[in-house]
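First comes the structure, then the notes that go with it.
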2 protein chains.
Amino acid sequence: MVQPDSHPPRLGRKRDHTRDPEILTAALEVLAETGFDGMTIDMVAARAKAGKATLYRRWPSKSELVIDAVACMKQNDFERSHLPDTGTLRGDLVAMIKPRTMEEAEKKLQIMAGLMSMLSAAPELADAANNALVRPRAEANLFLMQRAIDRGEISPDCDIATLSIVSPSIAAYRVLIERKPVDRKFLIALIDGVLLPALGLGRGAEVSNAEASNAVPSNAVASPTT
Amino acid sequence: MVQPDSHPPRLGRKRDHTRDPEILTAALEVLAETGFDGMTIDMVAARAKAGKATLYRRWPSKSELVIDAVACMKQNDFERSHLPDTGTLRGDLVAMIKPRTMEEAEKKLQIMAGLMSMLSAAPELADAANNALVRPRAEANLFLMQRAIDRGEISPDCDIATLSIVSPSIAAYRVLIERKPVDRKFLIALIDGVLLPALGLGRGAEVSNAEASNAVPSNAVASPTT
DNA sequence: CCTATACGATACTGTGGAGTTCCGGATCTT
DNA sequence: AAGATCCGGAACTCCACAGTATCGTATAGG
């Protein structure tokens, strides 16, 4: 979908489909606010300052529109180049807790919540959603943990594949079902109470330093408060 | 709701409300299968072999019916007296993985999924749902872990409050969003790859030991297949 | 047996939203 | 400027479902 037409017309205004992004964005917003069933085409049209007819010229149905919108949401996954490198695993994990990132994640989770009622009908959406929500964070975690193994910080026997999904999954559950905020405190509790101990850091080997809490090492990249 | 009437009529058939359980059960079934928005009163009535009017004689609206149905779902939480006691934490945790229990949990999760679209409108449902789904398992885990502390199996410094919600939350996420089955293998991976290492068992203490991977403790009881 | 009540079934009404159609105006091409 | 095409807006149809009303029947008490 949204592929360029094969026979470009040459008269009148070009068939530019130039409003598509606004419409898809509007769809995602309404979806996040009201859920799939509560969402109406008129809402989306109004939000995008477009006519309802315009939407139906591009997408055959509400479902298709939503699917397209979700598909176009992949953007800004974590690039490895953007991942923090603080020298310690804990530093890296903590550095990933940035307000900017979390806010965005929460928005995605709201969209997810709105999609729930569609999941059983359209299982491929489950994949799409998971790809957009948990997978990127899990992969980032996995990368950081693998690096910690490579540098000898943690044992290579650790089940990092399983551990990497722990915090994204729990965070998702917390926002989607419990409807409680996933704040910095909670994520730190996960890191210090679950992940690091399970990796043999913290409680296990207990760097003994105990107060490594504010242990942002020398080459702290991490970005300030972005 | 569903409280006995204060002025019991004395003529004709008694106002027994005797069909309520069937109706509520039917409501839960349809809810699990189609979700709140997809569910129609007629479906519930048909499933319960009741007239639509009968439903409206008891509950003023579809929402009220669903709320009532969910509220009546609390049944069979884990009783401490029913919790396994195998002598080791791992044995206890593994013993909780019973097909019977899991099947029931999955059913509850389906209901949960059906409720998702109502959560933003009725936040009290989030509590109800959480109480019915994750809380009981989390509390069971907490109890088992506390007992492990008491008997000196694990350190009292462990963050068992956080650890106890790990596996129920992840399981819920897996069923609700990923739509993948939560099988025995997956749960064992969580126990051996996350929980026990985080508690200083398995990997933690064995850092040097290296090869305790398949460290099934001596007295593994685990329950047959109940 | 008679009567009052609750029930199941079914027909009905009202409403909200999906999807369609039409039109005037805007914008680009030539 | 003229013509072609797209857009926003609004009016429209159609249908599914919430909720209501009616009726024949089953059952229990008198």
Side-chain angles (χ1 to χ4, degrees), chain A residues 1-2 4-27 30-31 33-69 114 117-118 121-122, chain B residues 1-2 4-27 30-31 33-69 114 117-118 121-122:
Chain A
M1 8 216 110
V2 186
D5 287 344
S6 359
H7 294 295
R10 33 207 88 104
L11 291 180
R13 183 195 232 176
K14 257 183 310 202
R15 171 181 274 271
D16 47 14
H17 285 204
T18 196
R19 303 288 322 273
D20 280 19
E22 286 97 316
I23 295 175
L24 292 173
T25 301
V30 178
L31 188 59
E33 291 166 17
T34 68
F36 178 79
D37 302 281
M39 153 183 171
T40 72
I41 295 290
D42 301 78
M43 287 185 200
V44 179
R47 175 82 53 121
K49 292 199 212 303
K52 184 158 58 155
T54 304
L55 302 205
Y56 280 104
R57 280 181 203 117
R58 303 263 170 285
W59 296 274
S61 73
K62 176 179 163 181
S63 303
E64 299 275 343
L65 167 62
V66 168
I67 290 175
D68 230 35
S117 57
M118 285 187 77
Chain B
M1 351 220 128
V2 187
D5 287 343
S6 1
H7 295 295
R10 29 209 91 103
L11 291 180
R13 182 196 234 178
K14 257 183 311 205
R15 171 182 274 273
D16 47 14
H17 287 206
T18 196
R19 303 288 322 273
D20 281 17
E22 286 97 317
I23 295 175
L24 292 173
T25 301
V30 177
L31 188 59
E33 290 165 19
T34 69
F36 179 79
D37 302 281
M39 152 183 171
T40 72
I41 295 290
D42 301 76
M43 289 184 198
V44 179
R47 175 82 54 122
K49 291 199 212 303
K52 184 157 62 156
T54 304
L55 302 205
Y56 281 103
R57 281 184 202 113
R58 302 263 171 284
W59 297 274
S61 73
K62 176 180 164 182
S63 304
E64 299 276 342
L65 167 62
V66 168
I67 290 175
D68 230 35
S117 58
M118 284 188 77

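Residue numbering restarts at 1 for every chain, and letters A, B, ... go by the order of the sequence lines. Nothing here was measured: the structure is a model prediction, and the numbers come from that model. Computed over heavy atoms, backbone and side chain alike; hydrogens, waters and symmetry mates excluded.
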Selection: residues 38-45 of chain A, any non-hydrogen atom under 4.0 Å of DNA chain D: none
Sugar-phosphate only, base, or nothing, as touched by A:K52 at under 4.0 Å among non-hydrogen atoms: base
B:T25 side-chain N/O to B:P21 backbone N/O, donor-acceptor pair under 3.5 Å: yes
Nearest-Å distance for atom pair CD1/C1', residues A:I23 and D:dC6: 12 Å
Interatomic distance where CG belongs to B:L65 and P belongs to D:dG19 [whole Å]: 10 Å
Separation between CG of B:L24 and CH2 of B:W59, rounded to the nearest 0.5 Å: 4.5 Å
Spacing of B:W59 atom CH2 relative to D:dT20 atom P, expressed in whole Å: 15 Å
Presence of salt bridge, B:E64 and B:R58, under 4.0 angstrom: no
N or O in side chain of A:R58 less than 4.0 angstrom from D:dC6 OP1/OP2: no
Whether B:R19 side chain and B:L55 backbone form a donor-acceptor pair below 3.5 Å: no
Closest to the B:Y56 side chain, choosing from D:dG8, D:dA18, D:dT22: D:dA18
CD1 on A:I41 to OG on A:S61, rounded to 0.5 Å: 8.0 Å
B:T54 side-chain N/O to C:dG8 phosphate OP1/OP2 under 4.0 Å: yes
Under-4.0 Å side-chain N/O to phosphate OP1/OP2 contact, B:R19 with C:dA6: no
B:S117 and A:F36, any side-chain heavy atoms less than 4.5 Å apart: no
Nearest-Å distance for atom pair CG/C1', residues B:D37 and C:dG16: 14 Å
Any A:R57 side-chain N or O less than 4.0 Å from OP1/OP2 of C:dC22: no
